[in-house]
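Quick one: this structure, given as structure tokens, is what I'll be asking you about.
Letters A, B, ... mirror the listed sequences (proteins, then strands); counts begin at 1.
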There are 2 protein chains.
Amino acid sequence: MARTTGSDGGKTEAAIRDAATGLIARFGYEAMSMRQLAAEVGVQAAALYRYFPTKEDLLFALMRGHMEALADAWQEARPSSRDPVIRLAAYVENHIAFHVRRRHSTHVSNMELRSLSPERLTHILKMRAAYEKELRAILRDGAEQGLFAIEDTGLTAMALIQMITGVIVWFRPGDRLSIAGVSATYLKMTMRLVGAKTATEERHVYAHA
Amino acid sequence: MARTTGSDGGKTEAAIRDAATGLIARFGYEAMSMRQLAAEVGVQAAALYRYFPTKEDLLFALMRGHMEALADAWQEARPSSRDPVIRLAAYVENHIAFHVRRRHSTHVSNMELRSLSPERLTHILKMRAAYEKELRAILRDGAEQGLFAIEDTGLTAMALIQMITGVIVWFRPGDRLSIAGVSATYLKMTMRLVGAKTATEERHVYAHA
DNA sequence: GATTTAATAAAACGAACGTTCAATTAATTC
DNA sequence: GAATTAATTGAACGTTCGTTTTATTAAATC
């Protein structure tokens, strides 16, 4: 046999990306063989090489796609308001929603960086840095306006990112908690962590004093 | 040649563990070959099999050793006080100090769980669960005594663990920040995150009101 | 100092790996 | 409907992998 009935390049490439994301997330990049991936797609191993010249090209394509989707999602979710509290809330909510929605893809991008060539590693890290820079800007603005009580903007940004990305480590859709509930709780923790004074909290503080 | 002058089983095993921890942390478990490890130790690949029957046995030994060391460190650092604030501070400080000190080992234990057999994975996860249970107990006690403002003990514990373990992702000894400085900042963020009312903060709140 | 045991080297095993190549068939173009 | 292009197969290549076996030498024992 050779070309199969109904075969289509576009569909096959998408199927490869999907299957690879799942397999790498589950077993790891090194542990996934090209033959295993081909079997998952329903194709022979050689067919993969029409779409991705090497295994590493495939990994890089997945990671770049993930980072581009993340940047796009944030552009879409970014609020027009200049209020740091509103912007921080939007950042956290978009981050959690995106990463839960794309759990496997996130796992790949976070765990397999060391399998990238130095140039490609740098490329992905730059995309990540640009995204994280947005959070630091929000924190800096909030601190300058006296809305946040922050010791170190860089440290706080890293702590927040680790915390909110960590959701995907334990969260499973259909758990006792809904995505919305988890997101709301993480938002409250975030606001306390940065020392934000919300209207509610101020009322509580005054009542207490 | 065969047995070499000055060769010693105890020393060789320790050298294998050290070298393996470094190599797996850098390149990943699957990517590290037994020949590469042997070369790092300064020995032939076959010699490794006198100490660890299989590659997976070696990985499991490293992970179990890491978790045991973590449990020991916490037993050592655990305060006699029953005050949740003091206990939480001790937990966070010990956690950060331990993980920074054993960065490579931590990376191995956090990233390579999927290379373990199901039984061994369960074993390591149980050790981890026991350690994290201590944190949940502290948070629960603090919440019950009205010292912490926490929505969900389990969620908060996970968020805290992700946050304070994340230090090792970006922290490099000899950075612009000292371990003590980072630890102090993370402790403040922790206390705010759980809504702890410290003496200092209460004074500040009252002065503000 | 002979004997036993511990530690290692050297070579080899079969299996699996990423990748390539030539052949073959489906879909498209003219 | 013939010619061309796109998609895929099946088989093979050389390499590397984890692991085993056998032989050899250093250290420990008596």
Side-chain angles (χ1 to χ4, degrees), chain A residues 1-24 26-63 108 112 114-118 120, chain B residues 1-24 26-63 108 112 114-118 120:
Chain A
M1 265 193 289
R3 180 167 189 172
T4 54
T5 312
S7 65
D8 174 276
K11 282 183 188 173
T12 304
E13 179 174 340
I16 293 173
R17 293 176 104 106
D18 283 354
T21 301
L23 288 175
I24 296 175
R26 245 196 310 269
F27 304 115
Y29 169 76
E30 298 278 357
M32 177 200 74
S33 77
M34 294 302 269
R35 286 171 179 84
Q36 184 184 12
L37 171 59
E40 185 88 357
V41 176
V43 101
Q44 289 297 316
L48 304 175
Y49 288 83
R50 162 165 280 269
Y51 304 94
F52 302 97
T54 70
K55 193 183 178 188
E56 196 213 313
D57 282 303
L58 168 58
L59 177 64
F60 180 64
L62 296 180
M63 289 191 174
V108 173
E112 309 295 348
R114 59 187 161 201
S115 294
L116 250 31
S117 70
R120 286 171 160 177
Chain B
M1 264 194 291
R3 181 168 188 173
T4 56
T5 312
S7 66
D8 173 275
K11 283 182 187 174
T12 304
E13 178 173 341
I16 293 172
R17 294 178 104 105
D18 284 354
T21 302
L23 289 175
I24 296 175
R26 245 197 309 271
F27 305 115
Y29 170 76
E30 297 278 356
M32 177 198 76
S33 77
M34 294 301 268
R35 287 170 179 82
Q36 184 185 13
L37 171 58
E40 185 88 357
V41 176
V43 104
Q44 289 296 317
L48 303 175
Y49 288 83
R50 162 164 280 266
Y51 304 95
F52 303 97
T54 69
K55 194 184 178 187
E56 197 214 313
D57 282 304
L58 167 58
L59 176 64
F60 179 64
L62 296 181
M63 288 190 175
V108 173
E112 309 295 348
R114 59 187 163 203
S115 294
L116 251 29
S117 71
R120 286 171 161 177

Rounded to whole Å, the CZ-C1' distance (A/Phe52 to C/dG18) equals 16 Å

Rounding to a whole Å, what distance do you find between A/Lys11:NZ and C/dA26:P? 17 Å

Presence of A/Gln44 side-chain N/O under 4.0 Å of D/dG10 phosphate oxygens OP1/OP2: yes

With salt bridge (charged side-chain N to carboxylate O under 4.0 Å, His left out) as the rule and sequence neighbours excluded, what pairs involving residues 43-57 of chain B come up? B/Glu56-B/Arg120, B/Asp57-B/Arg120

Nucleotide nearest B/Ala46 when distance is taken to its side chain, options C/dA11, D/dT19, D/dT8: C/dA11

Residues in side chain to side chain donor-acceptor pair (under 3.5 Å) with B/Arg26, at least two apart? none

Minimum-distance pair of heavy atoms, taken over all atoms of A/Met63 and A/Leu116: SD-CD2, 3.5 Å

Comparing B/Pro53 with A/Gly42, nearest DNA chain D nucleotide closer to 5' gives the residue A/Gly42

Is the distance from OP1 or OP2 of D/dT8 to the nearest side-chain N or O of A/Thr12 less than 4.0 Å? yes

Rounded off to whole Å, could you give me the CG-to-C1' distance for the A/Leu48 and D/dT8 pair? 11 Å

Once side chain to side chain contact (heavy atoms under 4.5 Å, CB included) is applied, do any residues pair with A/Tyr49, and if so which ones, sequence neighbours excluded? A/Met34

Going by the rule side chain to side chain contact (heavy atoms under 4.5 Å, CB included), which residues pair with A/Ala39 if we only count those two or more places apart in sequence or in a different chain? none

Rounded distance (Å) that lies between atom P of D/dT19 and atom CG of B/Leu37: 12 Å

Under-3.5 Å N/O pairs linking protein and nucleotides 13-17 of chain C:
none

It should be established whether B/Tyr49 places a side-chain nitrogen or oxygen under 4.0 Å from OP1 or OP2 of nucleotide C/dT8. no

Spacing of B/Arg50 atom CZ relative to D/dT22 atom C1', expressed in whole Å: 14 Å

By side chain to side chain contact (heavy atoms under 4.5 Å, CB included), A/Ala38 pairs with (sequence neighbours left out) A/Val43, A/Ala45, A/Leu48

